[in-house]
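These notes are about the structure you will find just below.
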Amino acid sequence: MSDPSAPSAVVSQAVPAHARVAVLDVLRGVAALAVVVVHALPLLAPSATLAIVPVFDFGSFGVLLFFLCSGTIIPATLERHQSLRRFWIRRVCRLYPLYWLSIGGALLGYAAGRTSLAGMELHAARFAAQPVATVLANITMMQEFLGYPHLIYVYWTLTFELAFYFLISALFRLKLMGKILPFSFGLLLVAFLVHLLAVLQILRLPNTNALRNIDYLALMFVAVALYHVRRRERSRRAVVALGGLALALIVLTAWQDPAIGTAWLVAAVLFGLAQRSTIRWFPRWLLYLGAISYSIYLLHPLVFALVPRIGGPLTTGLCWLSALLVCAALAERWVERPGIALGYYLTRNTRGTSRQDMPAPIVPLPGDVR
């Protein structure tokens, strides 16, 4: 039993567990709206995009905020389950049903010639060349590793998330989760050095996406490490070291790309403040926005492509937002919740599952992603 008077205990007890869950829901809602904004602006107000995006990249802000939340949620979920089988069954049931539904919507968009979905026009030619293989690859959510294009560009974050799950699962299987702090620090240091060598043009990567993915993974594991610092009541010095190196990486990114660097800095600061927040109550609508954030994230490109424009940019934007919120609410109620319930049903007899583990009807589980 650790000494409650120790400084490390302050880190651990600063935020009640249920308060941290609520604030993560709020952050996911904010992240989803940020991604919606960055994809809607070029369609509604191209001039505003030219003015805003070079200064602040809303997409990078939203994606990093999502990843940081997952970096806290996923190890907590795995630690609670203490079973890779239970973890993966529930993850698959959580993520795939709505994802497959969005694939159906994407195919409808392709059939209708509405390739204005976020990033869809980038891959329309490749899809036309190998339609069946591309669809089958996308069904697995591993299309990027299989060498096929994403049917919708936002799918890349889900593939990335799966890779993170595999890595976390490997660490869990090898019983290395207790060493997550040095692992995370080492990964962050590697990302910093790779980024530095790339900026100095000593190291040439195939594209900027490879560099961004390394950075995203390293920052994601910073969130994992911070979770374990709180849980294991480690020294504050670990937080300072991780935070300092993460800040150095973000500053290096800002040197190379100010819009992304600024977005990452705001996301990191917001996430850090949320971790220290003692607020225990949020408006129900704000929590619900977090609950439907995965549906918002997956369905917004489909809404942009399939819902016709009405009048000018303002009326079209309001129409799209209204349609998106309605579709996301319906998808959360009739697709996401049954999927979550199925995951719990399939693992109901697995050791460690209890009625207290079951999801609440509206506020999502701590283990939900987007």
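Index from 1, following the sequence.
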Report yes if some heavy atom in the side chain of [X] is under 4.5 Å from a heavy atom in the side chain of [Y]; otherwise report no.
X	Y	value
L158	L298	yes
M220	I168	no
S295	E336	yes
Y344	R348	no
R333	I292	no
I73	S70	no
L171	K179	no
E161	T157	no

* To do: Test R28 against L289 for side-chain contact (heavy atoms from CB on, under 4.5 Å), laying out the working first.
  => CA-CA 8 Å; R28 289 187 300 180; L289 188 65; over 6 Å; no
Do you reckon [X] sits in the same ILVMFWY cluster as [Y], going by side-chain contacts under 4.5 Å, direct or chained?
X	Y	answer
L330	I296	no
L50	F58	no
V229	L176	yes
L174	L217	yes
W88	W100	yes

[X] side chain to [Y] main-chain N or O, any donor-acceptor pair under 3.5 Å?
X	Y	value
Y148	V135	no
H195	A191	no
W320	V307	yes
N138	L151	yes
Y155	I103	yes
Q256	T253	no
T262	A259	no
S293	G290	yes
S102	L299	no
T140	A137	yes

* To do: Have a look at F221 and tell me which of Y216, F183, F185, F67 forms a ring-ring contact (aromatic ring centres under 6.0 Å, His included) with it.
  => F183
If you round to the nearest 0.5 Å, how far is [atom2] of [Y] from [atom1] of [X]?
X	Y	atom1	atom2	result
R90	T77	CZ	OG1	9.5 Å
L24	Q275	CG	CD	6.0 Å
L273	L27	CG	CG	10.0 Å
R309	F304	CZ	CZ	10.0 Å
L84	R91	CG	CZ	13.0 Å
I89	L346	CD1	CG	6.0 Å

* Parallel, tilted or perpendicular: ring planes of F56 versus F61, cut at 30 and 60 degrees -> tilted
* Asked: Parallel, tilted or perpendicular: which fits the ring planes of W156 and Y153, with parallel below 30° and perpendicular above 60°?
  -> tilted
Would you name the heavy atoms of [X] and [Y] that are closest together and state the gap between them?
X	Y	value
F271	C69	CE1-N, 4.1 Å
E332	A291	CG-O, 3.7 Å
A22	L287	O-CD2, 3.7 Å
L211	A198	CD2-CB, 4.2 Å
V35	G62	CG2-CA, 4.1 Å
C319	I310	SG-CD1, 3.5 Å

* Asked: Stepwise, does the ring pair (Phe, Tyr, Trp, His ring centres under 6.0 Å) test hold for Y297 with F66?
  -> CA-CA 10 Å; Y297 185 81; F66 272 134; 5.3 Å; yes
* Asked: Are V224 and T72 close enough, and set up right, to give a side-chain contact (heavy atoms from CB on, under 4.5 Å), and what steps lead you there?
  -> CA-CA 5 Å; V224 176; T72 298; over 6 Å; no
* Test T347 against R85 for side-chain hydrogen bond (donor to acceptor under 3.5 Å, both in side chains), laying out the working first. => CA-CA 9 Å; T347 58; R85 175 181 173 274; over 6 Å; no
* To do: Could you list the residues that satisfy ring pair (Phe, Tyr, Trp, His ring centres under 6.0 Å) with F192, not counting sequence neighbours?
  => none
* Under the side-chain contact (heavy atoms from CB on, under 4.5 Å) criterion, do W264 and D57 qualify, and how do the steps go? -> CA-CA 9 Å; W264 282 7; D57 190 325; over 6 Å; no
* Run the numbers on T134 and Q143 for side-chain hydrogen bond (donor to acceptor under 3.5 Å, both in side chains), then give the verdict. => CA-CA 8 Å; T134 300; Q143 57 272 12; over 6 Å; no
* Could you check L33 against V30 for side-chain contact (heavy atoms from CB on, under 4.5 Å), going step by step and ending with a plain yes or no? => CA-CA 5 Å; L33 290 182; V30 171; 6.0 Å; no
